[in-house]
Amino acid sequence: MREFHPRLAGVASIYVCGATVQGVPHIGHVRGGLNYDVLRRWLVHNGYDVRLVRNVTDIDDKILTKAADAGRPWWEWATAHERAFESAFDRLGCLPPSALPRATGHITQMIELMQRLIDKGHAYAAGGDVYFSVASYAEHYGRLSGQRLDEVQQGESTASGKRDPRDFTLWKAAKPGEPSWPTPWGDGRPGWHLECSAMSTYYLGSEFDIHGGGLDLVFPHHENELAQSTAAGDGFARYWMHNAWVTMSGEKMSKSLGNTVAIPAILQRAAAPEIRYYLVAPHYRSTIEYSEPALAEAISAYRRIDSFVNRVRQRTGEVGHGTVPAEFAAAMDDDLSTPQAIAVVHNAIRESNAALDRGDDRAANEAAASVRTMTDILGLDPLSEQWADTRGADDAAHHALSELVGSMLQQRQQARAERDFATADAVRDRLQACGIAVEDTPDGPLWTLKDG
């Protein structure tokens, strides 16, 4: 871990690998966007002018395949799902990026980068394709991912024009029925790695501060970005950050496995700030193993913050923004340690509740103001205008119901622990009579409202 020193004093430049807009976004897709949004907010709080670029991959094999299967134009399929992703980021409280470039809008920059690489002897054209020569950059290749040169496997299909199986594709020759753009080496479309190098340096310069993305992008995507950019003569990214996955049953959440939790669906089960809390509370480098009990715990934790701030406001009047405790700042400066930062938030709430109980309204209001500032940095301020539409009567009713049902389930668990099964069954039957279904799981009881 290194101390952050930006290339330009007072300015922080960040490039984040965004979505390949092939389908409806799930929580695994948006986690990284939320993590880097927290980073951005922390840098802004510390006085930086933050320039964050998050790209859109709108041309890709999967996009073409899924659009064809659906009988829809590829560009319409990509645009529709780009809107779905941006809606998800917006609903979960992400600040708009400084720029949101699409790959198809930067073909000129990609051609220029390929020409620079060919001129320097690091790339070659073959049959309409263009490849990066890994062997030509052997001394530097693998420095990000730790790949050994003799073990490199790009995961690409074999091609007759490749001089070395370790080489990776910069440009794909046109195929019948596929979109293509003209280049000096023939019509075709860009390779994934080329897109991000061209867009990041176009908007942020040949050298910028932070490059972020998912852990699964370290190799080959980020390794190849770094190789082609530095081989062309660019300084490229000074710092790299990689967020971990959201998993289910130990496997990375992905559409191919069918184990996704789509954003539109999960927003029907929890409010947007509650989902955001669930995804930003763990350390960005820690894997989140999705489960309903874990989500319920996050919902409860966020509601404690919400209830506290509103309790103080009702008791003491308007709550503004306050100072950030040193412990919170130290946690955020320590590789964006959100678990420790959120622990500081909850400690402040406990101290403020104690102040309320002893009648010290001034101390309670000051603590609540500090909580507002800390949660604002995390994108979780309960009084933010961003979350105004989540603070209606329905939410209050659900909160009250959750507290009541939770209390009854605790009574049931205690009765079962004491082998008083008659009482435990009576609690369950009472809940069912009220339209609440209870399911016992290895992680504890879950309750849901029964249909109808």
Side-chain angles (χ1 to χ4, degrees), residues 12-44 50-58 60 78 81-103 195-196 199-200 203-204 208-218 221-222 237 239-247 252-255 260-267 270-288 290 298 332 336 338 376-380 384 386-387:
S13 50
I14 306 171
Y15 181 83
V16 177
C17 282
T20 298
V21 287
Q22 58 172 303
V24 177
H26 58 64
I27 58 175
H29 288 136
V30 302
R31 183 193 181 185
L34 296 176
N35 294 149
Y36 301 115
D37 183 66
V38 171
L39 170 65
R40 176 189 190 173
R41 289 169 180 266
W42 179 237
L43 291 170
V44 168
V50 179
R51 300 165 189 176
L52 185 147
V53 175
R54 186 181 72 237
N55 81 295
V56 176
T57 298
D58 61 341
D60 178 86
H81 291 103
E82 178 186 337
R83 287 197 298 266
F85 269 88
E86 291 311 306
S87 174
F89 285 129
D90 181 63
R91 292 188 69 181
L92 295 176
C94 284
L95 300 171
S98 306
L100 187 67
R102 298 182 183 92
E195 296 172 353
C196 284
M199 287 185 282
S200 60
Y203 287 94
L204 299 176
F208 55 92
D209 294 317
I210 300 170
H211 194 315
L215 185 62
D216 54 326
L217 301 184
V218 176
H221 187 47
H222 287 171
Y239 301 86
W240 292 82
M241 296 179 67
H242 294 98
N243 60 281
W245 303 327
V246 180
T247 62
K252 177 193 170 189
M253 190 171 289
S254 68
K255 291 183 180 298
T260 62
V261 181
I263 297 300
I266 202 168
L267 281 169
E274 296 164 353
I275 298 169
R276 182 180 175 107
Y277 184 101
Y278 175 65
L279 293 173
V280 305
H283 196 281
Y284 76 92
R285 289 190 289 105
S286 299
T287 299
I288 297 175
Y290 177 80
M332 295 296 286
L336 216 65
T338 52
D376 185 54
I377 291 166
L378 299 169
L380 294 167
S384 167
Q386 175 74 36
W387 309 126

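Only a predicted model underlies this, so the values are computations on that prediction, with no experimental measurement involved. Quick note: numbers below take in every heavy atom, side chains included, and nothing from hydrogens, waters or symmetry partners.
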Quick one: does [X]'s side chain get under 4.5 Å of [Y]'s, heavy atoms only?
X    : Y    : value
I210 : L39  : yes
L95  : Q386 : no
Y278 : I288 : yes
L215 : T287 : no
V21  : T57  : no
I14  : M241 : no

Is there a donor-acceptor pair closer than 3.5 Å between any side-chain N or O of [X] and the backbone N or O of [Y]?
X    : Y    : value
E195 : R102 : no
S98  : V53  : no
N55  : G18  : yes
Y15  : Y203 : no
T338 : V280 : yes
R276 : G93  : yes
N243 : Y284 : no

Could you pull out the closest heavy-atom pair between [X] and [Y], with the gap in Å?
X    : Y    : answer
L336 : N35  : CD2-O, 3.9 Å
H222 : H242 : ND1-NE2, 2.8 Å
V24  : P264 : CG1-CD, 3.9 Å
C94  : L34  : SG-CD2, 3.5 Å
A88  : P25  : CB-CG, 4.0 Å
A272 : W387 : CB-CZ3, 3.6 Å

Would you check, one step at a time, whether the test side chain to side chain contact (heavy atoms under 4.5 Å, CB included) holds for L100 with F89?
CA-CA 12 Å; L100 187 67; F89 285 129; over 6 Å; no
Plane angle bin for W240 and H211 - parallel if under 30°, tilted between 30 and 60°, otherwise perpendicular
parallel
Below 30° counts as parallel, above 60° as perpendicular, anything between as tilted: where do the rings of H29 and H26 land?
parallel
Could you go step by step and tell me if L92 and I263 meet the side chain to side chain contact (heavy atoms under 4.5 Å, CB included) rule?
CA-CA 9 Å; L92 295 176; I263 297 300; 4.2 Å; yes
Quick check on R91: does its CZ atom have over 12 non-hydrogen neighbours (other residues, nucleotides or ligands) under 6.0 Å away?
no
Can you tell me how far [atom2] of [Y] sits from [atom1] of [X], rounded to the nearest 0.5 angstrom?
X    : Y    : atom1 : atom2 : value
I377 : R40  : CD1   : CZ    : 14.5 Å
L378 : M332 : CG    : CE    : 5.5 Å
D37  : L52  : CG    : CG    : 8.0 Å

Cation-pi check, R54 onto F85 ring (under 6.0 Å, within 45° of axis):
no
